[in-house]
Amino acid sequence: MATDTDSLFQPKEAFRRTAHVKSLEEYQRLYRQSLEAPDAFWGEQARQLTWFHPPESIREVNEQAADFAWFVGGKLNVTVNCVDRHAKARPDKAAILWAKNTPGEYETITFRDLAHHVNRLANVLKAHGVRKGDRVIVYLPMIPELVYSLLACARIGAVHSVVFAGFSADSLRERVLDSGAKVVITANEGPRGPKSVATKAITDEALDGLAQVTSVLVARRTPKEVPMREGRDHWLDVEAQKHRGVCPAEWMDAEDPLFILYTSGSTGKPKGVLHTTGGYLVYANTTFRYIFDTQPDDVHFCTADVGWVTGHSYLVYGPLSTGTTTVLFESTPTWPDASRLWQVVDDLKATTLYTAPTALRSLIKEGDSFVTKSSRKSLRLLGSVGEPINPEVWRWFHDVVGEGRCPVVDTWWQTETGGILIAPLPGATPAKPGSATLPFFGVEPVLVDEEGRKLEGNGVSGNLCLARSWPGQARTLYGHHSRFVETYYARFLPLYFTGDGCRRDEDGYYWITGRVDDVLNVSGHRLGTAEVESALVAHEAVAEAAVVGFPHDLKGTGVCAFVTVKPDFLRTPDEKMVGSLREQVRHVIGPIATPDRVVLVSGLPKTRSGKILRRMLRKIAGGETENLGDASTLADPAVLDELLTKGLPPT
Ligand code: WTA
């Protein structure tokens with residue numbers, strides 16, 4: 001049955017003319033080839049990169065051991081591909097267009113400039129003892145030094161681990177410890193909208209008493225003075241002056257690590273997802289070329305922070321490896337008002353815009369006039385990432401932002417996948433609002449039921465898995481390979497399990513229905529319920545906490561915490577307690593994790609064996625009063641009344 005959301009949006013004729021793939025038939029043919037002859041397909045993609053020594057074999061895959069190697073024997077350096085070759089061919093082309101926090105302030109960094117900065121910073125890192133294989137933590141706002149830092153690490157074979165500058169000192173410390181980094185790169189502060197993030201002060205708190213970190217390099221974003229610790233802290237600009245802008249590129253094996261990026265899982269501790277050099281870069285490069293349908297003079301505007309994987313693959317590595325100009329946006333879409341993104345699009349003549357449904361929802365709320373007063377003539381393609389896009393938000397993006405002229409690519413992927421796995425090809429795939437549509441080349445999605453039985457055919461729903469390795473897949477969780485095996489392979493071996501639920505409709509289109517594990521997707525950011533719970537129980541007043549998600553108009557999913565308080569604290573006024581608990585989570589994890597609601601209760605709903613009935617809490621937090629499950633399984637049925645009085649969302 002055709003529903004409203006099933007209506008097809010055909011690729012635009014004008015777009016199709018210059019597209020890399022021009023029809024659904026062509027996509028289907030290439031897709032089949034990529035599955036039937038993967039070595040030929042990926043060998044061809046690898047040839048888009050510059051190698052010191054070409055790969056000797058395309059892939060060596062062992063699902064049982066979760067051991068994956070791509071482009072085996074190949075030697076390359078990421079910065080030769082992202083910087084040198086473009087600096088040579090088109091030195092004056094803009095590599096980065098930096099849109100500063102203050103509206104109307106921009107800076108252009110050409111490929112020639114980029115080469116200079118990256119090489120100099122690479123030399124600074126070397127002078128601070130960083131060697132091939134060493135980890136470097138990057139805790140920076142959206143300033144050019146952030147991009148330089150990633151590339152400088154790659155230049156000398158160091159492994160970068162970016163920590164989003166919205167994370168707290170505790171989160172930063174945890175990542176510094178897990179990665180074993182000796183060097184941290186930060187800034188004195190990071191202006192963002194009307195506020196400023198005290199990145200240096202947070203770094204100081206995170207590193208308090210840690211002898212492990214011997215150098216902190218501080219970028220000077222503003223004139224603000226910050227305390228500098230003698231012997232450990234160094235201003236980056238001062239250090240850079242001491243070095244030349246020439247540094248040889250390290251020969252890296254295709255399987256040498258490129259970066260670690262921490263992300264939330266269903267347990268309390270973030271996982272250090274590790275990506276390697278050759279496979280990751282080939283995958284970021286290939287997906288970027290096809291899905292954003294790159295054209296020589298594109299200006300790509302990805303609004304994601306480089307602290308997330310989207311920023312890694314589609315602000316830095318995808319665009320720069322193809323020689324595409326990339327926009328680095330320091331501010332937020334709603335500051336000073338909801339016209340900001342469109343102002344940047346017009347000022348920089350952005351051609352492709354990649355953003356998240358949560359940002360779009362916050363803009364829709366402000367009304368169309370903020371959009372329609374801008375030109376947006378330069379735009380030719382729109383992309384969405386991070387969470388399911390509501391069909392009505394898709395339509396707004398398509399109709400209002402793109403004036404019906406630009407294709408919309410809804411791209412599904414994960415930190416662990418390195419790049420996009422399911423998305424339309426804009427010149428070929430008819431779109432359905434709300435569906436990420438069809439798999440990318442070489443990707444074979446499989447849906448399985450709870451017992452791991454493969455669901456064949458169309459019109460089925462299940463757990464989304466992937467049947468074969470792709471070059472961009474994560475190789476391990478840093479230092480915890482057994483956890484890698486357990487998380488992604490143990491359950492449905494030999495399949496990779498994504499943690500997402502998914503429906504394949506009658507046309508074979510994929511519709512992601514959201515996480516099936518204890519991970520919440522809050523404003524497009526992954527958050528483990530267990531992480532928030534451990535932050536809460538670390539508060540002196542908390543006896544127990546259970547955290548669930550609930551539908552939230554702007555964030556997609558909101559965070560609701562049910563908390564029981566220790567007897568000694570029962571006299572604290574509720575309002576004060578709630579404020580203190582929200583502050584606790586903010587402090588331990590970061591502002592993105594702050595619970596939207598904290599419900600103080602005298603008991604959590606538990607089975608007689610002590611298991612918390614999260615399903616019940618989820619339903620109540622979402623406003624359901626029916627079908628809460630069998631209350632008779634509750635150890636104390638009386639808690640249900642209290643939950644229904646206090647737990648339902650305020651109307
Ligand atoms: C969700 C972000 C629906 C999904 C790139 C996935 C999406 C998680 C989409 C990964 C999309 C991402 N449609 N859901 N287009 N894109 N997701 O690691 O639940 O931050 O598992 O990577 O976001 O989030 P992560």
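In this text, all values refer to a predicted model and were calculated from it rather than measured experimentally. All values below come from the heavy atoms of this structure, side chains included, with hydrogens, waters and symmetry mates left out. Order of appearance sets the numbers: ligands from 1, and atoms from 1 within every ligand.
Relative ring orientation between Phe292 and Tyr354 is described as perpendicular, the plane-to-plane angle rising above 60° on a 0-90° scale split at 30° and 60°.
Taking the six-membered ring wherever Trp is involved, the centroid distance between the rings of Phe68 and Tyr489 falls below 6.0 Å.
Of the options Ile364, Leu363, Asp410, Val408, a side-chain contact (heavy atoms from CB on, under 4.5 Å) to Phe397 is made by Val408 and by none of the others.
Protein residues with any heavy atom under 4.0 Å from ligand 1: Val309, Thr310, Val385, Gly386, Glu387, Pro388, Asp410, Thr411, Trp412, Trp413, Gln414, Thr415, Asp500, Ile512, Arg515, Asn521, Arg526.
Remark: Arg504 pairs with no residue by the salt bridge (Lys or Arg N to Asp or Glu O under 4.0 Å) rule, at least two apart or across chains. Scanning for salt bridge (Lys or Arg N to Asp or Glu O under 4.0 Å) contacts around Glu531 gives an empty result, with sequence neighbours left out.
Pairs of residues two or more places apart, or lying in two chains, that qualify as salt bridge (Lys or Arg N to Asp or Glu O under 4.0 Å) and include a residue from residues 163-175 are Glu174-Lys269.
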